[in-house]
Q: 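Here you go, one structure.
This one's a predicted model, so the numbers in the text were calculated from it and none came from an experiment. Chain letters run A, B, ... following the sequence lines, proteins first, then strands; residues in each count from 1.
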There are 2 protein chains.
Amino acid sequence: MKRKVYLDDLPWEEALENYLTYLERIGALHPGRPESIDVEEALGRVTAAPVYARISSPHYHASAVDGMAVQSADTYGASETTPKHLKVGAEAVLVDTGDPLPAGCDAVIMIEDVHYVQPDVIEIIQAAHPWQHVRMVGEDVVATEMILPANQLIRPVDIGAALAGGILKIYVHPKPKVAILPTGTELVQPGTELKPGDIIEYNSRLLGAMVKQWGAVPMRREITVDNFKSLQEVVASAVDGADIVLINAGSSAGSEDFTADVISSLGKVLVHGVATRPGKPVILGEAHGTPVVGVPGYPVSAYLGLDLFVKPLICRKLGVVPAQRSTIEAIISKKMVSPLGVEEFVRVKLGQVGERVIATPISRGAGVLMSLVRADGMIRLPRLSEGYKAGEKVPVELFRTPEEIRETSVIIGSHDIALDVLANYLRQKYPAATLSSAHVGSLGGLTALKRGEAHCAGTHLLDEETGTYNVPYIERLLPGREVVLVNLAHREQGLIVAAGNPKGIQGLADLTRPDITYVNRQRGAGTRVLLDYLLRKAGIEPDLIQGYELEEYTHMSVAAAVKSGSVDAGLGIRAAAQALELDFIAIEEERYDLCIPAEFWETPHIQRMLAVMAEPSFQEEVRNLGGYDLRDCGRVMWRSKAIQG
Amino acid sequence: MKRKVYLDDLPWEEALENYLTYLERIGALHPGRPESIDVEEALGRVTAAPVYARISSPHYHASAVDGMAVQSADTYGASETTPKHLKVGAEAVLVDTGDPLPAGCDAVIMIEDVHYVQPDVIEIIQAAHPWQHVRMVGEDVVATEMILPANQLIRPVDIGAALAGGILKIYVHPKPKVAILPTGTELVQPGTELKPGDIIEYNSRLLGAMVKQWGAVPMRREITVDNFKSLQEVVASAVDGADIVLINAGSSAGSEDFTADVISSLGKVLVHGVATRPGKPVILGEAHGTPVVGVPGYPVSAYLGLDLFVKPLICRKLGVVPAQRSTIEAIISKKMVSPLGVEEFVRVKLGQVGERVIATPISRGAGVLMSLVRADGMIRLPRLSEGYKAGEKVPVELFRTPEEIRETSVIIGSHDIALDVLANYLRQKYPAATLSSAHVGSLGGLTALKRGEAHCAGTHLLDEETGTYNVPYIERLLPGREVVLVNLAHREQGLIVAAGNPKGIQGLADLTRPDITYVNRQRGAGTRVLLDYLLRKAGIEPDLIQGYELEEYTHMSVAAAVKSGSVDAGLGIRAAAQALELDFIAIEEERYDLCIPAEFWETPHIQRMLAVMAEPSFQEEVRNLGGYDLRDCGRVMWRSKAIQG
């Protein structure tokens with residue numbers, strides 16, 4: 001078999017259209033034989049045929065109120081000056097709401113308008129018109145009337161109306177059966193003890209939950225090893241028992257990517273590769289009349305592949321229109337360059353800061369599933385465009401509701417583990433509150449405040465001249481801006497080294513040893529500023545440190561790099577070392593503050609955070625992370641001049 | 001026990017706020033003991049505690065691409081002019097995506113950039129920088145990192161990320177158990193043979209499906225008869241086994257409304273009656289620490305009561321924020337008067353006609369569940385307002401997606417049963433297409449066209465002078481407007497009378513008999529115009545016809561009135577008589593046309609309808625309704641002058 005090295009790069013809309021047209025032609029989009037099910041069990045299913053009422057509702061003339069049923073003719077002429085008297089039991093009959101109208105009656109007088117003049121005689125001062133306060137037969141549903149059309153997603157009200165119309169069973173489209181075939185010699189089931197190279201097979205669960213959400217039944221198969229024959233057997237068996245088959249992964253063109261060849265051997269590959277990022281190596285094919293989709297292995301690519309190509313398939317088989325995500329307009333905080341010729345799907349965090357909704361891109365890696373977990377929405381960077389400029393308004397597809405976005409407090413700046421604890425406390429105390437934190441370093445945070453993109457910034461910037469924290473930077477970067485500086489914690493910075501400190505690292509001077517490799521933080525991070533200050537003070541030449549150029553964005557990634565053995569040391573906070581059970585050589589205590597623009601001080605965003613910071617249980621939990629001193633937690637450390645006076 | 005006759009009328013927001021505050025104070029909103037469940041089963045559940053990663057993902061340094069793993073230092077200095085040679089197996093190791101980085105390697109060169117110069121020697125022309133194309137340990141998730149906060153609704157990506165982080169079980173909030181107690185001596189189970197006064201107990205299924213949709217578990221109880229003691233026993237037992245108890249109905253203040261007294265006897269009634277329409281007689285109470293809600297009996301009131309008061313309760317117990325329906329702005333086609341002092345919830349049909357979305361109110365009756373089935377959205381008429389003027393733009397909460405609204409073809413005008421068949425065929429042929437038909441009579445339809453509120457109008461207006469159909473009316477009502485008139489069908493109009501024609505009605509002359517009552521159609525209906533024309537021609541005085549003032553809006557309601565025995569005859573189409581197995585005395589064949597403004601002719605709305613009308617199976621089904629002649633179905637009968645030339 002010949003192997004392709006380069007994939008197609010059709011625009012995804014065109015690929016999908018071709019695929020659906022082909023499948024339509026071979027009859028693979030037909031919903032299949034309708035199932036007859038109990039109306040009561042039909043929530044979320046889709047009608048396969050119209051539902052017609054068997055009986056009318058109401059099926060008799062019913063009183064619509066509590067009152068007196070009368071013959072309207074008996075009341076004609078009644079007025080305040082010429083009241084009419086009716087004998088109860090003969091000319092007027094007491095009825096409750098829903099009671100059948102007694103024979104001979106054609107109207108009801110509300111109980112509030114009835115006055116007894118004798119125990120069995122009432123007086124009325126207004127004529128009743130025929131059929132007043134009567135629910136006539138069929139007011140709601142008339143027998144033979146269509147209650148639901150075909151291809152209707154069944155909601156609670158539809159169940160009620162069908163039962164009201166005397167229907168007990170209805171025909172619904174069968175739920176499409178989607179076989180999910182995880183493939184890969186390196187895959188192991190969740191819970192397995194892991195060796196290097198083992199990959200936990202979680203994709204099939206992700207894909208399974210997605211198709212379930214769309215109304216299909218996921219059928220997860222066992223893991224297949226990367227071997228043409230094995231895969232061919234499994235796919236051949238799957239296409240006969242399922243309506244759609246998903247093969248994950250092996251959809252690219254590597255030496256162990258058999259998916260395309262297997263589909264070709266059993267049927268037809270229509271598309272191999274689409275112009276999207278992530279998600280390029282997708283395969284759209286068919287075997288034995290069943291759609292077979294090769295889903296990329298990286299989880300974000302797999303997610304997108306399903307969203308773009310499998311959701312429409314399932315919806316077509318169910319006879320429903322795929323629901324689009326709702327969109328809002330947001331301002332992007334960074335320039336987005338469009339990758340030439342492919343449409344990029346950029347995950348973003350969103351937050352409403354003042355009147356504007358701000359979108360901040362998060363990791364673009366196809367392997368970073370957490371980018372989808374953390375994302376509030378997604379921006380599509382069109383294929384043949386120049387991208388978007390910083391500050392531009394762009395449409396964002398929402399992963400959360402607009403209410404959730406409004407309730408999100410945005411903190412941009414330096415990374416600190418205590419922020420995760422804060423986020424969690426906030427969420428538990430105020431179910432609506434979400435803390436969205438973007439880690440761009442202390443300087444990046446202050447710049448974000450300047451641009452109006454955050455409710456507050458986390459900062460720990462040491463001014464070399466004065467030896468003070470944060471204030472000189474704020475005065476320089478946010479001149480004339482009214483801000484309040486509140487302490488979150490004092491924390492220990494030091495060298496994170498392997499457990500047991502096998503290389504005997506004592507301090508910064510050891511970083512220049514030829515047997516030591518270091519991992520740095522990115523430019524603009526307070527920790528990077530601190531390192532450079534300490535090196536200068538100690539007269540150490542950065543160029544002599546191996547790995548000085550290697551940058552990570554968070555304390556935890558620095559600790560993870562040390563833990564993995566790829567580097568020997570990195571500067572970071574004690575809590576990160578403690579979390580991964582690494583050794584820590586303390587160097588400096590520093591002040592981590594929250595810089596809050598005065599205009600947000602009174603908003604729930606800030607007041608809720610301050611309330612949580614005041615809680616002893618929150619402070620205790622942060623203290624337990626290690627290396628934190630909370631003596632000033634929640635204390636206002638400084639206010640800018642404009643609001644001091 | 002004393003009985004209230006008049007209920008409270010608190011604004012519902014205030015009632016809800018008071019209720020939640022009270023329940024919060026007595027601890028009734030606490031989610032309860034967390035359940036530990038398999039991550040794989042957690043879709044749609046809500047985390048009860050944050051989820052932290054147990055392992056990093058990846059848990060080893062992994063190649064991010066297919067290529068050659070190298071030590072970056074070995075590649076320094078490589079360029080096009082000074083290529084470097086590396087020995088495969090020693091200095092360069094072939095790796096696939098996901099493979100662990102071999103010992104000593106710190107970078108990967110993509111397979112596309114590798115050139116073999118000998119079978120075991122490669123040449124590279126660019127230096128590899130450290131960690132290029134490597135997914136370092138923890139790139140996605142770092143061990144100990146928070147993957148999900150507490151109170152997070154679990155989505156497919158969350159399941160994937162938790163499994164990637166080595167988590168197999170997570171704590172979720174228990175699903176609130178909601179006991180649903182149907183009460184009423186008149187209630188019978190669906191499927192029971194019905195006597196007058198029997199009411200099918202479908203409300204509990206409607207309410208059950210609603211609470212299920214919100215993430216709770218409905219527990220439907222047997223029907224309780226209207227009796228204080230029985231109800232008290234049932235409620236007392238329910239409050240101990242459920243988190244929320246719903247009593248339906250008996251929530252008003254009638255002689256058999258025991259709900260409020262029962263709740264008082266076991267606990268406390270906080271609110272009895274709110275200022276909404278429908279939905280006024282709602283009871284918010286508590287017994288034995290469990291929220292107990294008295295839900296009104298009319299299905300639309302019950303639906304609203306749950307939506308306003310029970311959904312927030314369930315969401316609070318689940319720790320999530322209630323999702324709001326998305327809203328759009330629509331233009332209302334009729335004035336809406338605000339009922340003094342109560343907030344009214346008006347169900348509307350929506351359709352996009354040209355650039356504008358048009359909202360048309362449908363039945364306001366609390367007993368008309370079909371108004372919710374048919375509605376595309378809901379307008380809130382505020383409590384203390386003057387209402388809305390026709391043509392005003394008002395916010396509408398959506399029951400369907402904006403895509404569905406866009407795909408809805410709007411036909412306003414005369415009612416014809418063949419339109420239901422057309423709607424159904426449309427839906428089956430084009431899953432996205434919905435036909436929204438509002439029945440306002442032929443004149444009303446032409447007026448709607450004039451105001452730009454419909455894609456077409458169904459009309460059968462006989463001009464007395466010329467004896468022709470529709471054209472004279474269009475020329476008068478839509479002067480200068482370019483329209484196309486297409487025939488849907490010719491149909492038989494006649495008198496619908498009881499089966500067997502017990503009163504021996506022969507024709508219109510019999511309508512003046514003293515033993516005959518008639519039901520009329522509303523003013524502006526083509527059938528009403530026809531009746532008046534025929535009466536005049538026959539010299540019959542309308543005043544002599546009993547029931548001439550009694551108006552119904554559709555052929556089916558006229559037939560239902562005859563079927564129920566409340567009237568003896570009504571003018572209508574044969575299909576309506578045939579549907580309800582009534583007798584029919586043919587009087588006249590008339591022409592039913594669709595009047596289509598030229599600007600919509602080329603839109604899918606019209607073209608899809610014309611395609612369906614051309615189908616023999618559609619025509620056959622209409623013919624089977626009885627009384628239809630389809631000789632001109634789909635034929636253009638006339639075009640207005642402006643586009644004739």
Q: In terms of heavy-atom pairs under 4.5 Å with chain A, which of B:S63, B:S56, B:G160 leads?
A: B:G160

Q: State, to 0.1 Å, how close B:R427 and A:P149 come at their nearest heavy-atom pair, and which atoms those are.
A: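 B:R427 and A:P149 have their closest heavy atoms at NH1-CG, 3.8 Å.
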
Q: Using heavy-atom distances under 4.5 Å, tell me whether B:V321 contacts chain A through its side chain, its backbone, both, or neither.
A: side chain

Q: Any idea which of A:L101, A:L148, A:L194, A:T97 has the most non-hydrogen atom pairs under 4.5 angstrom with chain B?
A: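 Most heavy-atom pairs within the cutoff with chain B belong to A:L194.
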
Q: Please determine, among B:E407, B:R374, B:H129, B:E186, the option with the most heavy-atom pairs under 4.5 Å with chain A.
A: B:R374

Q: Of all heavy-atom pairs between B:A48 and A:Q428, which one has the smallest distance, and what is that distance?
A: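 Between these two residues, the closest heavy atoms are O-NE2, 3.8 Å.
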
Q: Can you see which heavy atom on A:S566 is nearest to which on B:H61, and at what distance?
A: CB-NE2, 3.0 Å

Q: List the steps and the verdict of side-chain contact (heavy atoms from CB on, under 4.5 Å) for B:Y52 and A:D420.
A: CA-CA 11 Å; B:Y52 296 101; A:D420 283 354; 5.9 Å; no

Q: Is it the backbone or the side chain of A:A62 that comes under 4.5 Å from a heavy atom of chain B, or both, or neither?
A: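 No part of A:A62 comes within 4.5 Å of chain B.
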
Q: Quick one: of B:D198, B:D66, B:V137, who has the most non-hydrogen atom pairs under 4.5 Å with chain A?
A: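 Of the options given, most contacts go to B:D198.
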
Q: To the nearest 0.5 angstrom, please state how far the CG atom of A:N151 sits from the CG atom of B:L426.
A: 11.5 Å

Q: How would you list, by chain and number, every residue that makes a side-chain hydrogen bond (donor to acceptor under 3.5 Å, both in side chains) with A:R205, sequence neighbours excluded?
A: A:Q189, A:E201, B:E40

Q: Given heavy-atom pairs under 4.5 angstrom as the criterion, report whether the side chain, backbone, both or neither of A:D99 touches chain B.
A: neither

Q: Side chain, backbone, both or neither: which part of B:S204 has a heavy atom under 4.5 Å from chain A?
A: neither

Q: Hey, which of A:G547, A:A164, A:A162, A:A143 has the most heavy atom pairs under 4.5 Å with chain B?
A: A:A164

Q: Pick whichever of A:V300, A:D140, A:I167, A:T554 has the most heavy-atom pairs under 4.5 Å with chain B.
A: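 Highest number of pairs under 4.5 Å: A:D140.
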
Q: Of all of B:V141, B:V320, B:I147, which one pairs up most often with chain A through heavy atoms under 4.5 Å apart?
A: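 Heavy-atom pairs under 4.5 Å are most numerous for B:I147.
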
Q: Verify side-chain contact (heavy atoms from CB on, under 4.5 Å) between A:L206 and B:I159, making sure each step is shown before the conclusion.
A: CA-CA 6 Å; A:L206 163 63; B:I159 292 176; over 6 Å; no

Q: Test side-chain contact (heavy atoms from CB on, under 4.5 Å) on A:M146 and B:N424 and set out the steps.
A: CA-CA 9 Å; A:M146 184 167 71; B:N424 188 39; 4.2 Å; yes

Q: Measuring heavy-atom distances to chain A, does B:K563 have an atom under 4.5 Å in its side chain, in its backbone, in both, or in neither?
A: neither

Q: For the atom pair CD (B:E404) and CG (A:L153), what is the distance rounded to the nearest 0.5 Å?
A: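 Going from CD on B:E404 over to CG on A:L153, the span is 8.0 Å.
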
Q: For A:T192, is it the side chain, the backbone, both or neither that has a heavy atom under 4.5 Å from a heavy atom of chain B?
A: neither

Q: May I ask you to name which of B:A559, B:G319, B:G367 has the most heavy-atom pairs under 4.5 Å with chain A?
A: B:G367

Q: Report yes if some heavy atom in the side chain of A:R155 is under 4.5 Å from a heavy atom in the side chain of B:V373; otherwise report no.
A: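 Yes; the side chains approach each other to less than 4.5 Å.
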
Q: Looking only at heavy atoms, what is the nearest atom pair of A:L168 and B:P190, with distance?
A: CD2-CB, 3.5 Å

Q: Which one, B:V368, B:I417, B:T434, B:V39, leads in non-hydrogen pairs under 4.5 Å with chain A?
A: B:V368

Q: Do other residues, nucleotides or ligands put more than 12 heavy atoms under 6.0 Å from the CD atom of A:E403?
A: yes

Q: Return the CG to OG1 distance between B:L580 and A:T144, rounded to the nearest 0.5 Å.
A: 5.0 Å

Q: Please tell me if the side chains of B:L43 and A:Q213 come closer than 4.5 Å, counting only heavy atoms from C-beta onward.
A: yes

Q: Would you mind checking which part of A:L318 comes under 4.5 Å of any heavy atom in chain B, side chain (CB onward), backbone (N, CA, C, O), both or neither?
A: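 A:L318 has no heavy atom closer than 4.5 Å to chain B.
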
Q: With rounding to the nearest 0.5 Å, note down the distance linking OG in A:S57 to CD1 in B:I199.
A: 8.5 Å

Q: Where on A:L550 is there a heavy atom nearer than 4.5 Å to chain B: the side chain, the backbone, both, or neither?
A: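 Just its side chain gets close to chain B.
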
Q: Is any side-chain heavy atom of A:I200 closer than 4.5 Å to one of B:I55?
A: yes

Q: Looking at A:L372, A:T401, A:V421, which makes the most heavy-atom pairs under 4.5 Å with chain B?
A: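 Top count of heavy-atom pairs under 4.5 Å with chain B: A:L372.
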
Q: Hey, could you give me the OG/CD distance between B:S557 and A:E139, rounded to the nearest 0.5 Å?
A: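 If we round to the nearest 0.5 Å, B:S557:OG and A:E139:CD are 10.5 Å apart.
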
Q: Most heavy-atom pairs under 4.5 angstrom with chain B, which of A:G98, A:P130, A:A49, A:S564?
A: A:S564

Q: Which atom pair, heavy atoms only, marks the closest approach of B:M136 to A:A561?
A: CE-CB, 4.0 Å

Q: With only heavy atoms counted, which part of A:N203 is less than 4.5 Å from chain B, the side chain, the backbone, both or neither?
A: neither

Q: For chain B, which of A:A209, A:G297, A:G197 has the most heavy-atom pairs under 4.5 Å?
A: A:G197

Q: Verify, without hydrogens or angle tests, whether A:Y298 (side chain) and B:A64 (backbone) share a donor-acceptor contact under 3.5 angstrom.
A: yes

Q: Which distance, rounded to the nearest 0.5 Å, do you find between the CE of A:M370 and the CG of B:D158?
A: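 Spacing of CE (A:M370) from CG (B:D158) equals 8.5 Å.
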
Q: Could you tell me which residues satisfy salt bridge (Lys or Arg N to Asp or Glu O under 4.0 Å) with A:E549, sequence neighbours excluded, listed by chain and number?
A: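 For A:E549 there are no salt bridge (Lys or Arg N to Asp or Glu O under 4.0 Å) partners, ignoring immediate neighbours.
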
Q: Over all heavy atoms of both residues, which pair between A:A560 and B:V142 is shortest? Give the atoms and the distance, please.
A: CB-CG1, 4.1 Å

